[in-house]
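Here is the structure we will look at.
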Amino acid sequence: MSVYDQVSATRGRHGGRISAAAGYLAANPATAICFGVLLIFVLMAVFAPLIAGDPVKIDPAERLTGPSASAHWGRDHLGRDVFARAVYGSRMSLLVGFSVAAIATVFGVAIGIYAGMSRVGGAIAMRLVDAMMAIPAILLAIAFAALMDAGILTVIIAISIPEIPRMVRLVRSVVLGVRQQPYVAAAISIGTGGLPLVWRHILPNTLGPVLVQATYACASAIITSAVLSFLGVGTSPEVPSWGGMMADARSFFRIHPELMVYPGVLLSLLVLVVNVLGDRLSDALDPRKMVRGSV
Amino acid sequence: MLGYVLGRLLAAIPIFILVAIFIFSLVHLTPGDPAVLLAGDNANPQQVEKIRERLHLDEPLIVQFGIWAGNALQFDLGESIYSNKPVTQLIAQRIEPTFVLAAVTLFLTVAIAVPLGVIAAWRANGWIDRGIMAFAVLGFSVPVFVIAYLLVYFFAVSLRWFPVQGYKPLSNGLLTTLHSVTLPSIALALVFAALIARVTRAAMLEALSENFTRTARAKGLGTFRILVIHALKSAGIPVITVIGIGFATLVGGVVVTESVFNIPGIGRLTVDAITRRDYPVVQGVILFFSALLILINLLIDLSYALFDPRVKG
């Protein structure tokens, strides 16, 4: 088998693995259910104005009233529509979850590949990663969100910063593994180097593990953003978020536990669905090591 | 062995220096005047000027960092803007509840997770395994404050077995203290245990497929002996490593849990400091937790020698 055959065979095998993974997902009913639930959450976030009323309108006369035709899940301590806030709250969770996953992926893959390819640069990058991972992620996020101007962008950056080192560590370990493979040595020996080498051989191999890690990063970001809102850091309290709704419900917990239940169940369900999808993806692609964390 | 210990110790030093730089930059490289930032929202110009002088903010950044880090090495983390007390004193005052909470949580976690992981690996792919792993996914999907309020609702509000919130110091007796931290510890332990149970299962599966397990079985050892004495000891390293990595998660959980249960620990101190914009305290607490994590992971590295004879060499 010539080097060219070997190289192209490898690429073919890789494509096969991805489509096999897709087949596995389709054949697995639990996965389909989770996809369905996630889709419902996404639709809920996108079409929130069509589904629910005004989530920020305050109506003190109606405070803490039960379910009614205008407010399906009753009203909170400021007379705001709980159902509307719950529906709009999905926007915050999904936006933060997907954005953090995307940012962690882009920066994590770029830095991770560099750290895996360059000896000196890699050593420096890994010391930085070790140091960042020594700072508890939640504390870093809370402190950053509190120091910067309040807003959803601040929250996204605050949560992304501790997620990036996890991705870097994963990508680097994959790159170091791939570099040991005979076909990479072969590719280097026929003069492939630099960007083409990374693009054709290194990057495709990181795809599976990165996708799984991105899913876990999304789940953990949704939890962290809820923690930030729950502690009252980051976005302003009137922006509807599930963590914020739970913080509001704290004082009325004994008389109105349902105010805590709605956002708590939605939040847990969304994170559960994303985590299960990550696990299924991980089983289907069988990547090496995953570093994960959640609260 | 001594070389290994020294090597690990030396490796921890640059990490700690980098952590200090990160935490320092967090306050000093953010937009705006650090003196105004440190003084808080209600400070007058004289107070701002006083802080600028006291913290040497007119010096170059590198000199400022040197002064701050030098003081930190002598356990001087500055003073709180809110109470004017030294940050180290504030941390020392709050350490007991956090320590008790973390210790009880760790105990519960290991007591729950390791047996579950071992049983799941022993009955791999059976319904017991599936059940345990479903519990594990649920465990780290439900945020700690959701679990916390669920526990409070059933065991404190409805059944009245435990207090809704608060902490009883150790001076009231160990049992009283343990009673007051039961619910927060269970809430935290459920999240942490989910992670450890999964890793224990994976490590055990690997150990059970090794030759020494087959040998143990061939010479007629009982299932319990094989699982606990032979396989679990070999599965120890990944499990201990994850407990170490999980400490970072645990710290985050402690901050949230102390806030939910109104426990006057370091987590509560952190949240209060952040809402009051008390930056020296914020900086100090993060440095404290990070140093603790580095120390714990160092101890874990050293404990490998107990599990893996090859490390001793």
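Residue numbering restarts at 1 for every chain, and letters A, B, ... go by the order of the sequence lines.
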Per-residue contact mode, [X] against chain A (heavy atom under 4.5 angstrom):
| X | result |
| --- | --- |
| B:Val137 | both |
| B:Thr270 | side chain |
| B:Phe22 | side chain |
| B:Leu293 | side chain |
| B:Val271 | side chain |
| B:Leu138 | both |
| B:Val242 | neither |

(Q) If I take atom CD1 from residue B:Ile95 and atom CZ from residue B:Phe288, how far apart are they, to the nearest 0.5 angstrom? (A) 3.5 Å
Under a 4.5 Å heavy-atom cutoff, which of [options] has the most pairs with chain A?
| options | result |
| --- | --- |
| B:Val260, B:Ile23, B:Leu150 | B:Val260 |
| B:Phe247, B:Tyr149, B:Phe192 | B:Tyr149 |
| B:Val282, B:Val285, B:Ile286 | B:Ile286 |
| B:Val251, B:Leu250, B:Ile274 | B:Ile274 |

Q) Around B:Glu206, counting heavy atoms of other residues, nucleotides and ligands shown, do more than 12 lie under 6.0 Å from its CD? A) no
Q: Please say whether more than 12 non-hydrogen atoms of neighbouring residues, nucleotides or ligands are located less than 6.0 Å from CZ in A:Phe253.
A: yes
Q.
Show me the pairs that pass salt bridge (Lys or Arg N to Asp or Glu O under 4.0 Å) and involve residues 242-271 of chain A, at least two apart or across chains.
A. A:Arg80-A:Asp248
Q. Taking every heavy-atom pair that is under 4.5 Å apart, which of A:Val273, A:Leu231, A:Leu269, A:Val274 has the most such pairs with chain B?
A. A:Leu231
Q | Side chain proximity check, B:Phe145 to A:Leu267, heavy atoms < 4.5 angstrom | A | yes
Q. Is the shortest heavy-atom distance from the side chain of B:Ile243 to the side chain of B:Leu106 under 4.5 Å?
A. yes
Q: Using side chain to side chain donor-acceptor pair (under 3.5 Å) as the criterion, list what pairs up with A:Asp130, not counting sequence neighbours.
A: A:Arg127, A:Arg169
(Q) Given heavy-atom pairs under 4.5 angstrom as the criterion, report whether the side chain, backbone, both or neither of A:Leu128 touches chain B. (A) both
Q: Check whether any side-chain N or O of A:Trp242 sits under 3.5 Å from a backbone N or O of A:Ala86 as a donor-acceptor pair, and report yes or no.
A: yes
Q) Where do B:Leu287 and B:Ala72 come nearest, in terms of heavy atoms and distance? A) CD2-CB, 3.9 Å
